[in-house]
Amino acid sequence: MLIAPSILSADFGQLKNDLEQVKKAGADLLHIDIMDGQFVPNISLGIPVMEAINTYSDLPKDVHLMINKPENFIKKFIELGADYVTVHPESTNQLEYCLELIKTNGAKAGIALNPETGLDVVLPYLHEIDLLLFMTINPGFGGQKFIHSVVDKMYEANSYREFHELTDLLFEVDGGINEQTAKICLENKIDILVSGSTIFGSNDKKRIIQNLRNPY
Ligand code: DX5
Ligand code: ZN
């Protein structure tokens with residue numbers, strides 16, 4: 001599995017250092033959470049911080065937009081270095097247009113599903129996206145507990161991916177990842193694990209990243 005540290009749990013007073021540390025520790029990509037205080041009950045980081053991340057890290061950037069009307073900001077985040085942009089169908093009534101914007105501006109397109117949102121909402125889009133993100137917490141804050149009922153949705157999505165031979169479609173999990181829940185994700189053929197508090201809360205980031213990647 002690929003490991004994407006979530007910058008939300010970084011120390012913003014020494015962001016450059018944290019970015020260097022996770023790269024040295026073996027991170028595959030950076031997960032960047034953008035929140036607007038509307039779609040989710042929290043505000044995280046915005047454009048100036050995204051600029052700094054782009055300046056100080058050359059790791060691929062996975063931008064998770066938790067904002068209403070993401071269509072208004074997709075182009076900007078791609079200009080600022082986003083390689084993947086993930087949008088929530090719960091946050092826009094222009095999902096198809098969002099995916100189109102992401103792709104025409106040269107990034108890879110992802111859809112994120114809240115724990116309560118069913119897979120049926122995204123089935124019509126699975127053939128045209130690069131990434132499906134399963135939220136295993138209610139979005140807004142790091143440090144919450146993994147919601148186990150989402151595993152049924154992963155199972156369902158795996159059957160769909162196999163049956164339709166969507167071999168390039170990646171599955172990502174975000175929320176409550178630790179060594180135990182990483183194991184559940186591996187068993188459910190997840191390709192990318194996002195982890196904020198577990199990675200940034202550890203003094204041995206290299207070891208924790210290795211353990212999340214191979215949780216046995
Ligand atoms: C929350 C964010 C997550 C968050 C995960 O809405 O989408 O990426 O940083 O944090 P942990 O790994 O601590 O659950
Ligand atoms: Zn996220």
Side-chain angles (χ1 to χ4, degrees), residues 1-12 15 18-19 21-22 25 27-46 49-50 53 59-68 70 73-74 77 82-91 102 107-117 129-151 153-154 170-186 190-203 205 208-209 211-213 215:
M1 291 188 288
L2 300 177
I3 307 297
S6 170
I7 298 307
L8 189 60
S9 289
D11 177 348
F12 287 91
L15 183 58
D18 277 14
L19 292 170
Q21 271 195 26
V22 290
D28 300 288
L29 60 169
L30 297 174
H31 182 83
I32 301 158
D33 291 299
I34 309 297
M35 303 179 187
D36 64 353
Q38 301 289 322
F39 178 62
V40 289
N42 194 12
I43 296 176
S44 56
L45 51 98
V49 181
M50 179 69 196
I53 295 170
L59 282 175
K61 292 161 195 79
D62 165 30
V63 172
H64 178 192
L65 293 179
M66 285 163 278
I67 60 177
N68 281 335
F73 285 96
I74 287 169
F77 280 99
D83 297 280
Y84 287 87
V85 177
T86 298
V87 293
H88 278 261
E90 306 93 348
S91 71
I102 298 169
K108 297 201 176 207
I111 297 181
L113 292 180
N114 280 344
E116 297 301 320
T117 306
I129 62 173
D130 302 285
L131 181 76
L132 179 62
L133 171 56
F134 299 92
M135 289 305 300
T136 41
I137 54 167
N138 287 305
F141 301 91
Q144 304 182 69
K145 272 214 175 94
F146 186 93
I147 300 173
H148 284 267
S149 56
V150 182
V151 175
K153 190 161 51 183
M154 296 177 203
L170 298 174
F171 288 169
E172 181 177 40
V173 170
D174 184 7
I177 293 298
N178 54 35
E179 289 163 54
Q180 285 76 46
T181 53
K183 194 172 161 189
I184 298 171
C185 293
L186 180 66
I190 298 305
D191 306 287
I192 307 174
L193 284 185
V194 174
S195 167
S197 49
T198 298
I199 292 177
F200 285 100
S202 163
N203 289 327
K205 295 186 175 48
I208 202 82
I209 287 177
N211 292 354
L212 293 177
R213 202 192 297 285

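All values below were derived from every heavy atom in this structure, side-chain atoms included, with hydrogens, water molecules and symmetry-related copies excluded. In listed order, ligands and their atoms are each counted from 1. It should be emphasised that the depicted structure is a prediction, and the values quoted were computed from it without experimental measurement.
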Is it the case that H64 and D62 place a side-chain donor and acceptor less than 3.5 Å from each other? no

In short, I147 meets P115 closest at the heavy-atom pair CD1-CG, 3.8 Å

Non-neighbouring partners of F200 that pass ring pair (Phe, Tyr, Trp, His ring centres under 6.0 Å), sequence neighbours left out: none

Taking the Zn ion (ligand 2) as the center, what protein N, O or S atoms are found at less than 2.8 Å? H31 NE2, D33 OD1, H64 ND1, D174 OD2

Around F171, counting heavy atoms of other residues, nucleotides and ligands shown, do more than 12 lie under 6.0 Å from its CZ? yes

Would you mind listing each N/O atom of ligand 1 next to any protein N/O under 3.5 Å, plus the distance?
unit_1, atom_1, unit_2, atom_2, d
ligand 1, 6 (O), G140, N, 2.8
ligand 1, 7 (O), D33, OD1, 2.9
ligand 1, 7 (O), H64, ND1, 3.3
ligand 1, 7 (O), D174, OD2, 2.8
ligand 1, 8 (O), S6, OG, 3.4
ligand 1, 8 (O), H31, NE2, 3.4
ligand 1, 8 (O), D33, OD1, 3.2
ligand 1, 8 (O), D33, OD2, 2.8
ligand 1, 8 (O), D174, OD1, 2.7
ligand 1, 8 (O), D174, OD2, 3.1
ligand 1, 9 (O), S6, OG, 2.7
ligand 1, 9 (O), D33, OD2, 3.3
ligand 1, 12 (O), G196, N, 2.8
ligand 1, 13 (O), G143, N, 2.8
ligand 1, 13 (O), S197, N, 3.0
ligand 1, 13 (O), S197, OG, 2.5
ligand 1, 14 (O), G176, N, 2.8

Compute whether any side-chain donor of one residue and acceptor of the other, for S6 and D174, lie under 3.5 angstrom apart. no

Minimal non-hydrogen separation, I102 against V85, with atom names: CD1-O, 3.4 Å

Name the atoms and distances for all side-chain donor-acceptor pairs under 3.5 Å in residues 137-146, with sequence neighbours left out.
unit_1, atom_1, unit_2, atom_2, d
Q144, NE2, N138, O, 2.9
Q144, NE2, F141, O, 2.9

What closest approach, in Å, do I3 and R213 show between heavy atoms, and which atom pair accounts for it? CD1-N, 3.8 Å

Would you please classify the geometry between the H88 ring and the F39 ring as parallel, tilted or perpendicular, with 30° and 60° separating the classes? tilted

